[in-house]
Amino acid sequence: MSKVLIIGAGGVGTVVAHKCAQNPDVFTSIVIASRTRSKCDAIARAIGSDRITTDTVDADSVEQLVELFNRHRPELVINVALPYQDLTIMEACLQCGVNYLDTANYEPKDEAHFEYSWQWAYKKRFEEAGLTAVLGCGFDPGVSGVFTAYAAKHHFSEMQYLDIVDCNGGDHGKAFATNFNPEINIREITQNGRFYQDGEWVTTGPLEIHKPLTYPNIGVRESYLLYHEELESLVKNYPSIRRARFWMTFGEAYLTHLRVIQDIGMARIDPIEYQGMQIVPLQFLKAVLPNPQELGENYTGETSIGCRIEGLDKEGRHLTYYIWNNCSHHASYLETGMQAVSYTTGVPAMIGAMMVLTGKWKRAGVWNVEEFDPDPFMEQLNKQGLPWNEQFNINLEV
């Protein structure tokens, strides 16, 4: 019997619950919990499985989390709540003897600062407790790290250049909307860019560096250099990498809206006083923007996310390698009711949970996904709706 507890009932949480329910041989019992229980109940009704129960919790409260975990006694918690809540959930897992998995690294609420140091600091405590904590098991971070580990295991003796490329070639028909939590999304892309070069981190202005890249089945899209957290762990775990970068596509209309949002102060994350109350402008903006969970029905097109790697093959010869997945927004909606950005995050979270519960990724401590054997995870990607492709010795365009 393997009971899993999912914290978060947004688009990703919805996909995770659907995919866990599709694999009853591993996930024999599923609990969905969030601050608003009615959202959890709606997911359970949509899936229609008698193996799903729901509950409520404030994930900012260690005390409430401990009560929740003791009440349900799961073997693993899948954290798809907000990144601000990673540490409280990890703390509760340690107190209750529960394994842990998330899809995004911790960041403090009052500063858009992305690094693993806060969570890596828990490594010894998880080791001593005999518990496994898996960090960043979405797509990017997540599958991007597994793709890199797979390339290192099977194709490269030395990886030298790594570029993670993320394209959303879809159209949701809205004037402006974010594909996941608007607060997290806008915090991420309005920060300085950063990439790794010859042992040092190089900082750039927000979206300062960009270039056209070609994506399979989508075509040429302008791609912008961002900082993404998996770069930090990948250059640590693969020290032969001389340069590591992350690229994401944005349309001109999206960037125009984003500039206006910043110019008028709506991207601020510090509180302001309004009619005698303290409000955070970005949190208010989140409340008036389209809900990412409701974008799927009319979403067309697909995403394309992958890794472009250059280095030396197992025989020491020069090798270029491109590994990627394309995911249809419409197909994702038909299966789970969510669009492809939620789908490509939720499916890997479920697979990571499967790896832990089946013992394939069971190791005491705090780990990033690339530190485990990639092969069983890669096998499940093909089975669970995210098939991957690879090409060798091509022009990587980066």
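No donor-acceptor pair under 3.5 Å is formed between the side chain of Thr36 and the backbone N or O of Ser38. With Asn382 contributing its side chain and Trp388 its backbone, the two residues share a donor-acceptor pair below 3.5 Å. No side-chain donor-acceptor contact under 3.5 Å links Thr249 to the backbone of Ser223. Although no hydrogens or angles enter the test, the distance criterion places a donor-acceptor pair under 3.5 Å between the side chain of Ser61 and the main chain of Gln64. Under the 3.5 Å distance criterion, the side-chain polar atoms of Ser332 are left unmatched by any main-chain donor or acceptor of Met338. Between the side chain of Lys314 and the backbone N or O of Phe156 there is at least one donor-acceptor pair closer than 3.5 Å. For Glu230 (side chain) and Ser233 (main-chain N/O), no donor-acceptor pair under 3.5 Å exists by modelled atom type. Put simply, the side chain of Thr320 gets close to the backbone of Asn393: a donor and an acceptor are under 3.5 Å apart. Without hydrogens or angle criteria, Lys39 side chain to Ser34 main chain gives no donor-acceptor distance under 3.5 Å. Arg221 contributes no side-chain N or O that, together with a main-chain N or O of Gly169, makes up a donor-acceptor pair within less than 3.5 Å.
Across all their heavy atoms, Pro141 and Tyr116 have their closest contact at CB-OH, 4.0 Å. Considering all non-hydrogen atoms of both residues, His318 and Glu310 come closest at NE2-OE2, 2.8 Å. Heavy-atom minimum distance, Thr28 versus Pro24: CG2-O, 3.6 Å. Nearest heavy-atom pair across Tyr227 and Asn192 is CB-O, 4.3 Å.
A single hydrophobic cluster is not seen to contain both Leu65 and Ile78; linkage of ILVMFWY side chains at heavy-atom distances under 4.5 Å, directly or through other members, places them apart. Leu135 and Leu231 are not part of a single hydrophobic cluster, where members link through side-chain heavy atoms under 4.5 Å apart. The hydrophobic clustering, which links ILVMFWY residues whose side-chain heavy atoms are closer than 4.5 Å, places Leu76 and Phe69 apart. In this structure, Val80 is not a member of the same hydrophobic cluster as Leu5, with clusters built from ILVMFWY side-chain heavy atoms closer than 4.5 Å. No single ILVMFWY cluster, assembled from side-chain heavy atoms under 4.5 Å apart, contains both Ile218 and Ile305.
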key: Audit row: Met354, Phe27, side-chain contact (heavy atoms from CB on, under 4.5 Å) steps and yes/no   = CA-CA 8 Å; Met354 177 186 288; Phe27 304 97; 4.2 Å; yes
request  = Tell me, with the steps shown, if Lys360 and Phe372 meet side-chain contact (heavy atoms from CB on, under 4.5 Å).
outcome  = CA-CA 8 Å; Lys360 295 180 175 65; Phe372 295 102; over 6 Å; no
ask   = When you look at Val280 and Arg268, which way does the side-chain contact (heavy atoms from CB on, under 4.5 Å) test go after all the steps?
value = CA-CA 7 Å; Val280 175; Arg268 287 174 57 176; over 6 Å; no
task = For the pair Trp367 and Trp361, evaluate side-chain contact (heavy atoms from CB on, under 4.5 Å) and give the outcome as yes or no after the intermediate values.
result = CA-CA 10 Å; Trp367 309 96; Trp361 281 14; over 6 Å; no
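Side-chain atoms of Glu371 and Asn237, non-hydrogen and from C-beta on, do get closer than 4.5 Å to each other. Within the 4.5 Å cutoff, side-chain heavy atoms of Tyr122 are placed close to those of Leu87. Contact check for Pro74 versus Val4: no side-chain heavy atoms found under the 4.5 Å cut-off. With a 4.5 Å cut-off on side-chain heavy atoms, Tyr238 and Glu370 count as touching. Between Asp102 and Gln119, the closest side-chain pair of non-hydrogen atoms falls below 4.5 Å. Counting only heavy atoms from C-beta outward, the side chains of Phe392 and Asp313 never approach each other to under 4.5 Å. A 4.5 Å side-chain heavy-atom check between Phe139 and Asn325 finds at least one atom pair inside the cut-off. In this structure, the side chains of Ile323 and Met378 come closer than 4.5 Å at one or more pairs of heavy atoms.
A donor and an acceptor atom, one from each side chain of Glu302 and His330, are nowhere located under 3.5 Å apart. Under the 3.5 Å distance criterion, with hydrogens and angles disregarded, no donor-acceptor pair is assigned to the side chains of Asp163 and Tyr161. Between His72 and Asp55, the side chains place a donor N or O and an acceptor N or O closer than 3.5 Å (distance only, hydrogens not considered). If you check the side chains of Glu335 and Tyr343, you find a donor sitting under 3.5 Å from an acceptor. Between the side chains of Asn105 and Trp118, no donor-acceptor pair is found at a separation under 3.5 Å.
Rounding to the nearest 0.5 Å places OG1 of Thr88 at 8.0 Å from CG of Asn79. To the nearest 0.5 angstrom, Lys3 atom NZ is 11.5 Å from Glu75 atom CD. To the nearest 0.5 Å, atoms CD1 (Ile30) and SG (Cys20) are separated by 5.0 Å. Annotation: the span from Leu312 atom CG to Met159 atom CE amounts to 11.5 Å, rounded to 0.5 Å. One finds the CG atom of Leu68 at 11.5 Å from the CG atom of Asp58 (value rounded to the nearest 0.5 Å). Distance check, rounded to the nearest 0.5 Å: CE of Met355 to CG of Leu101 gives 11.0 Å.
No salt bridge links Lys211 with Glu397; every basic N to acidic carboxylate O contact stays at or beyond 4.0 Å.
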Which pairs would a plain distance check flag for residues 125-133, meaning a side-chain donor or acceptor within less than 3.5 Å of a matching protein atom at least two apart in sequence or in another chain?
{"unit_1": "Arg125", "atom_1": "NH1", "unit_2": "Glu91", "atom_2": "OE1", "d": "3.0"}
{"unit_1": "Arg125", "atom_1": "NH2", "unit_2": "Glu91", "atom_2": "OE2", "d": "2.9"}
{"unit_1": "Thr132", "atom_1": "OG1", "unit_2": "Arg363", "atom_2": "N", "d": "3.0"}
{"unit_1": "Thr132", "atom_1": "OG1", "unit_2": "Arg363", "atom_2": "O", "d": "3.0"}

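Taking Phe250 as the reference, Ile189, Leu207, Tyr224, Leu226, Met248, Tyr254, Leu255 meet the side-chain contact (heavy atoms from CB on, under 4.5 Å) condition, with sequence neighbours excluded. With sequence neighbours excluded, the residues satisfying side-chain contact (heavy atoms from CB on, under 4.5 Å) with Thr204 are Phe195, Glu208, Ile209, Leu225. In this view, Ser49 and Ile47, Arg51, Ile52 satisfy the side-chain contact (heavy atoms from CB on, under 4.5 Å) rule, not counting sequence neighbours. When the side-chain contact (heavy atoms from CB on, under 4.5 Å) test is applied to Thr303, the partners found at least two apart in sequence or on another chain are Asn168, Cys327, His329, Ala340, Val341, Thr344.
Pairs engaging residues 194-205 under the salt bridge (charged side-chain N to carboxylate O under 4.0 Å, His left out) rule: Asp198-Arg242 [sequence neighbours left out].
When each of Phe147, Tyr322, Tyr321 is tested with His155 by the rule ring-ring contact (aromatic ring centres under 6.0 Å, His included), just one qualifies, namely Tyr321.
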